[in-house]
2 protein chains.
Amino acid sequence: MPLGTTQKHLTIGELAQRAGVGVETIRFYERKGLITQPVRPAAGYRAYPQDVVARLGFVHEAKQLGFTLKEIRNLLTLRDSPQTDAAAVRGRAAAKLAQIEDGINRFQRMRVTLQDLLSRCPGSGELNKCSIVEALSVSAPQPAKRRSRGTRGFPMKTIDLTIQGMHCEGCAKTIEALLATEPGVKSATVSYGSGSARVLFDPASVDLPRLVKAVERAGYRVPESR
Amino acid sequence: MPLGTTQKHLTIGELAQRAGVGVETIRFYERKGLITQPVRPAAGYRAYPQDVVARLGFVHEAKQLGFTLKEIRNLLTLRDSPQTDAAAVRGRAAAKLAQIEDGINRFQRMRVTLQDLLSRCPGSGELNKCSIVEALSVSAPQPAKRRSRGTRGFPMKTIDLTIQGMHCEGCAKTIEALLATEPGVKSATVSYGSGSARVLFDPASVDLPRLVKAVERAGYRVPESR
DNA sequence: CTTCGGTCTGTACTACAGTACGGAGTCAAG
DNA sequence: CTTGACTCCGTACTGTAGTACAGACCGAAG
């Protein structure tokens, strides 16, 4: 048995091991107020009660959900005080959800643009023919601030299109990217195996014949069945 | 007219204005190697040719696509040398796309968990009845290191699963997110209209019965056809 | 000729989540 | 009683993308 009287207490190293983090991290969390300074019986060595392991588990889980350490500290403070109402915690979680959804939307926009650029860039050859360099070189920097979001509320629908003429997963990827660039299309997945495309779109603004034409222009066939 | 002989050259302030960034930012980019030190005719003042505006536009656009400044510097270096092949740029863009898709998946997993927690937490009342606090308090930290990347090279395949019991697009979204959290699943799209899920997965690591079970646990039926 | 704004350099600071290190002290086992 | 592992504290450093500021210098207009 190490120090800390019985097995009722843990040294910082033991705690770190059980919590799956580094020793330095625990002291860092202490500085940040996530865990309180434990009692120090033996010559200044920290002696932790076991429930701190669970506390660190809480920190770990909350981190997985995207909470920052500062937010986790607040969450823990709420949890520690018995008169806290669940609504307080719920509110924090809802706010974090909103943040995450914002993040997803930002990423999704990048993804669509990149897919589009990739689909139009030849695999090799002269640089100035590459859509990527070209698109980025479009100099349209705003001297003033620009704000213009929108697209809240989602009456999104899904549709499947049969596609003929694909000969590998690569073709599927190409069509996917191509569809994603069309106005009104939120996302598109194409399966080579089943020879079909699934498109998530806004029925108010999408132009179906246009989508079909775009796919056909790329060298594939879209039978008019649906 | 300010200094810099004619309007052929810009002072740092003018450049900053046209590019829509701060003066400090331009000098910061210079330190980072994104733009080269311009000539200094008048008493050490930087005099920029106009094409630097476009260069800063490139930086701005690339940032929007998620490239870091370091990556943008490499992109610019490629663009600056005439013998660069488009494949080099394409490769960078493809890598960034993969990173972004990773990010989307991570966020999506957070989103699902948070939505789930929120749906089960009462709007108010005693804290210990709140699913959020409860779920986070589950102490299951790994004592050992967990490393298990891999997944480079992509023998990804697509599969369609029939799903019964959905009653709106919301159900589809739920299943989508749920599938995305399973190991080996790269992405999943579910169509309420056609009652099926399309899963992009790594055949080497995915556990199909596990996926089916996950969907069934959520209250839907998956006929064993395929 | 003075003043006001712009520019110069270098360093320090922000947020985020840790990691690393030096030098000292301590614990338990051989 | 020595050795090796552990712990202490404080500070400095990582990477990302800037922002802020001090003190000096410069150019043009009143």
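Order of the sequence lines sets the chain letters (A, B, ...), proteins ahead of strands, with each chain counted from 1.
- Taking 3.5 Å as the limit, the base of D/dC6 and the side chain of A/Glu14 contain no donor-acceptor pair of atoms between them.
- If you measure from atom CD of A/Glu30 to atom C1' of D/dC8, you get 11 Å, rounded to the nearest angstrom.
- Between atom CD of residue B/Gln99 and atom CZ of residue A/Arg111 there is a gap of 15.0 Å, rounded to the nearest 0.5 Å.
- In this structure, B/Arg40 reaches the C/dT9 phosphate: one of its side-chain N or O atoms is under 4.0 Å from OP1 or OP2.
- With distances taken from any side-chain atom of B/Thr68 to the nucleotides C/dT19, D/dT16, D/dT19, the minimum falls on D/dT16.
- Comparing C/dT26, C/dC21, C/dC8 by their nearest atom to the side chain of B/Ile12 picks out C/dC8.
- Under 4.0 angstrom from either OP1 or OP2 of C/dA15 there lies no side-chain N or O belonging to A/Lys70.
- In terms of position on DNA chain C, the residue among A/Ala43 and A/Gly22 whose nearest nucleotide sits closer to the 5' end is A/Gly22.
- Nearest to the side chain of A/Phe28, among C/dA17, D/dA20, D/dT7, sits C/dA17.
- With hydrogens and angles ignored, no donor-acceptor pair under 3.5 angstrom links the side chain of A/Arg31 to the base of D/dG10.
- A/Arg27 has a carboxylate O that lies under 4.0 Å from a charged side-chain N of A/Glu24, or vice versa, which qualifies the two as a salt bridge.
- Here the straight-line distance linking atom CG of B/Leu75 with atom NZ of B/Lys96 works out to 10.0 Å at 0.5 Å rounding.
- Residue A/Tyr29 has a polar side-chain atom (N or O) positioned under 4.0 Å from OP1 or OP2 of C/dG18.
- At a cut-off of 3.5 angstrom, counting only N and O atoms as typed in the model, there is no donor on one side facing an acceptor on the other between the side-chain of B/Tyr45 and the base of D/dG27.
- Distances were taken from every side-chain heavy atom of B/Thr11 (C-beta onward) to each of C/dT7, C/dG18, C/dT9; the shortest belongs to C/dT7.
- Geometrically, A/Arg92 does not engage A/Phe67 in a cation-pi contact, judged by NZ or CZ lying under 6.0 Å from the ring centre and within 45° of the ring axis.
- A straight line from CZ of B/Arg73 to P of D/dT16 spans 10 Å, rounded to a whole angstrom.
- Between A/Lys32 and the phosphate of C/dA15, there is no side-chain N or O to OP1/OP2 separation shorter than 4.0 Å.
- One interatomic measurement links the two molecules: CD1 of A/Ile72 to P of C/dC16, which rounds to 12 Å at whole-angstrom precision.
- The cationic atom of A/Arg79 (NZ for Lys, CZ for Arg) lies less than 6.0 Å from the six-membered ring centre of A/Phe58 and within 45° of the ring axis.
- As rounded to whole Å, 21 Å separates atom P of D/dG15 from atom CZ of B/Phe67.
- In this structure, A/Ile35 places its CD1 atom 14 Å from C1' of C/dG18, rounding to the nearest Å.
- Toward the 5' end of DNA chain D, the nearer of the two residues B/Leu69 and B/Arg27, judged by each one's closest nucleotide, is B/Leu69.
- Look at B/Arg46 and you won't find any side-chain N or O under 4.0 angstrom from OP1 or OP2 of C/dT7.
- Atom CG in B/Leu34 sits about 12 Å away from atom C1' in D/dG18, given to the nearest Å.
- Side-chain contact between B/Arg18 and B/Leu10 is present, with at least one heavy-atom pair separated by less than 4.5 Å.
- Rounded to an integer number of Å, the gap from CD of B/Gln64 to P of D/dA17 is 13 Å.
- Taking atom CD of B/Glu24 as the reference point, atom C1' of C/dC8 lies 11 Å away to the nearest angstrom.
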